[in-house]
Amino acid sequence: MKLWGGRFTEETNDLVNAFNASISFDKRFYKQDITGSIAHVTMLCKQGILTEEERDSIIKGLESILADIDSGALEIDDSCEDIHSFVEAELTSRVGECGKKLHTGRSRNDQVALDMRLYTRDEIIETGNCIKGVLVTLQRIMRENTETYMPGFTHLQKAQPLTLAHHFAAYFEMFLRDYSRLSDLYERMNYCPLGAGALAGTTYPLDRSYVAKLLGFEGETRNSMDSVSDRDYVVEFLSDLSIIMMHLSRFCEEIIIWNTDEYRFIELDDTYSTGSSIMPQKKNPDIAELIRGKTGRVYGALVSMLTVLKGLPLAYNKDMQEDKELTFDAIDTAKGCLTLFNGMLEAMKFNRERMAKSALGGFTNATDAADYLVKKGIPFRDAHGIIGRLVLYCIEKGCALDDLAPKEFKQFSEAFDTDIYDAISLETCVKKRNTAGAPGPEAINRYLDSNDIILSKL
Ligand code: ARG
């Protein structure tokens, strides 16, 4: 059944019907559509636009449709134009004439704007919960690894020693920001567009703030044209999801590198790895690679949505129907990736000896050696030069700074004493760094304690 046959004399071309229809994808928010309709009808009755009998009969019908779709007893008919037409047609066939009053004072434009907001709102919460799962896993791993030494890198070259806890804390911060971005978005988007009509409101005495309250919104939107044409919250959500994917992708890249035979910092669990059809020895990090790959797909959704909206005149335009498939796909992708990533992380094993050994190489204590000379009264720039020459000497000799004899140190500067060994040991290099945000044990324990409080409030 079409909602708009009256002014037409001929049937729509079949290809046009197929091209125009959105039921194949908007059936996903049947629940939101029915919930919105129940609130609308409740308000219509409160305002004296529908009788109590009409309201009760419509609500009963809508609830039975919802229950039947949920249970699988009712299949959504793909020959309808969209989920809104389907629900209305099914309602009328169940409750008779009064079903036709459901759409009083409403347009599909404000109806779809409402459905999309309700759906997005739920998914913002769901995505936040997925992020919380990753944060909890990271916190557990960090607690267990405050003394797991490893090299920190810049340019993928060994730079200074730190700990696994400290390295993962950087990702904790990224995901925490992602969570807070979603909370900001929730607050900004939690306003109800219903009652905007097609674009110009309606002459019925609707109580918009009452509907908003029934549906758990903070209030109603403030301009009817904007209400039906605003998809900013979709763009924002896609942008938040893109940033989440970017963080996941960076993390996955490190996991892939750390899992190579050259690094062997970690071992992925068998349950989160895959094999090769030809090379029997292989154990591949496919999950991490797929997450990295799927990042492009979510970025694509963001750029598509921005492009769909660019240049749209006010108010509703059919272009906006394109918001759904790409948003649904991006949400499914990001939530799926967060869930898989969390599972992979939970089961990951850390090769602590290997990490510490790697931190001992690559002159990661060179900065501390220079700082040692500064403490002995040598200006930093001179100290930098002395240690640079020492490093070159060690490279030629094929050893680490710690391996040099006291007299070798002395050849480069009289300021060196036997306390140099303690000053540049791996433990000292990490343990002395206790400024806020640094890897030292005092700093990281303070950090982890504050995370416990943060996590308890999420
Ligand atoms: N399927 C449409 C959408 O997703 C519903 C709104 C239709 N409104 C209209 N005036 N044709 O945007």
Side-chain angles (χ1 to χ4, degrees), residues 1-8 10-37 39-40 62 65 69 76-91 100 102-123 189 192-202 211 215 221 223-235 237-238 301 304-332:
M1 188 205 72
K2 276 210 178 75
L3 297 176
W4 41 264
R7 67 97 65 218
F8 289 80
E10 283 186 86
E11 278 301 314
T12 328
N13 178 301
D14 282 347
L15 283 176
V16 170
N17 274 335
F19 189 66
N20 189 50
S22 54
I23 187 109
S24 64
F25 47 88
D26 66 17
K27 63 174 155 197
R28 185 191 274 242
F29 47 51
Y30 70 89
K31 201 169 276 164
Q32 286 77 9
D33 195 73
I34 292 173
T35 308
S37 288
H40 181 61
L62 288 169
I65 295 172
I69 300 176
I76 296 174
D77 176 5
D78 269 5
S79 68
C80 287
E81 183 181 339
D82 51 34
I83 189 65
H84 326 296
S85 329
F86 172 76
V87 172
E88 194 178 318
E90 184 63 28
L91 178 70
K100 295 183 186 168
L102 168 65
H103 210 52
T104 313
R106 189 173 73 171
S107 157
R108 272 187 300 171
N109 295 354
D110 58 348
Q111 188 179 0
V112 78
L114 172 68
D115 293 1
M116 192 65 182
R117 256 185 219 245
L118 288 172
Y119 185 85
T120 309
R121 196 176 67 172
D122 289 346
E123 292 297 331
M189 64 86 69
C192 183
L194 203 68
L199 76 165
T202 167
V211 180
L215 292 169
T221 50
N223 174 276
S224 60
M225 300 257 275
D226 181 52
S227 306
V228 289
S229 65
D230 170 33
R231 296 291 183 275
D232 288 3
Y233 61 96
V234 175
V235 174
F237 193 23
L238 291 173
S304 300
M305 193 63 224
L306 284 167
T307 313
V308 165
L309 294 173
K310 171 186 173 296
L312 284 193
L314 290 176
Y316 178 83
N317 298 268
K318 190 73 174 198
D319 315 44
M320 292 164 78
Q321 180 167 291
E322 285 295 308
D323 62 355
K324 290 170 202 64
E325 283 163 291
L326 51 93
T327 303
F328 296 160
D329 183 69
I331 294 171
D332 294 348

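For the single chain, residues carry numbers from 1 onward in sequence order. Start at 1 and go down the list; that is how both ligands and their atoms are numbered. Since this is a predicted model, take the numbers as computed values, not measurements.
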Identified side-chain hydrogen bond (donor to acceptor under 3.5 Å, both in side chains) counterpart of Arg108 within the set His103, His84, Glu81: Glu81

Between Ser22 and Asp26, is there a side-chain donor-acceptor contact under 3.5 Å, judged purely by atom types and distance? yes

The reported gap from OG1 in Thr120 to CZ in Phe328 (rounded to nearest 0.5 angstrom) is 7.5 Å

Side-chain heavy-atom pair Phe237, Glu123 within 4.5 angstrom cut-off: yes

Taking a 3.5 Å cut-off between nitrogen or oxygen atoms, can you list every pair linking ligand 1 to the protein, with distances?
| unit_1 | atom_1 | unit_2 | atom_2 | d |
| --- | --- | --- | --- | --- |
| ligand 1 | 1 (N) | Ser22 | OG | 3.0 |
| ligand 1 | 1 (N) | Gln321 | OE1 | 2.7 |
| ligand 1 | 4 (O) | Lys324 | NZ | 2.5 |
| ligand 1 | 8 (N) | Asn109 | OD1 | 3.0 |
| ligand 1 | 10 (N) | Asn109 | OD1 | 3.1 |
| ligand 1 | 12 (O) | Tyr316 | OH | 2.4 |

Around atom NZ of Lys318, are there more than 12 heavy atoms from other residues, nucleotides or ligands closer than 6.0 Å? yes

If you measure only the distance, is there a donor-acceptor pair under 3.5 Å linking the side chains of Arg231 and Thr327? no

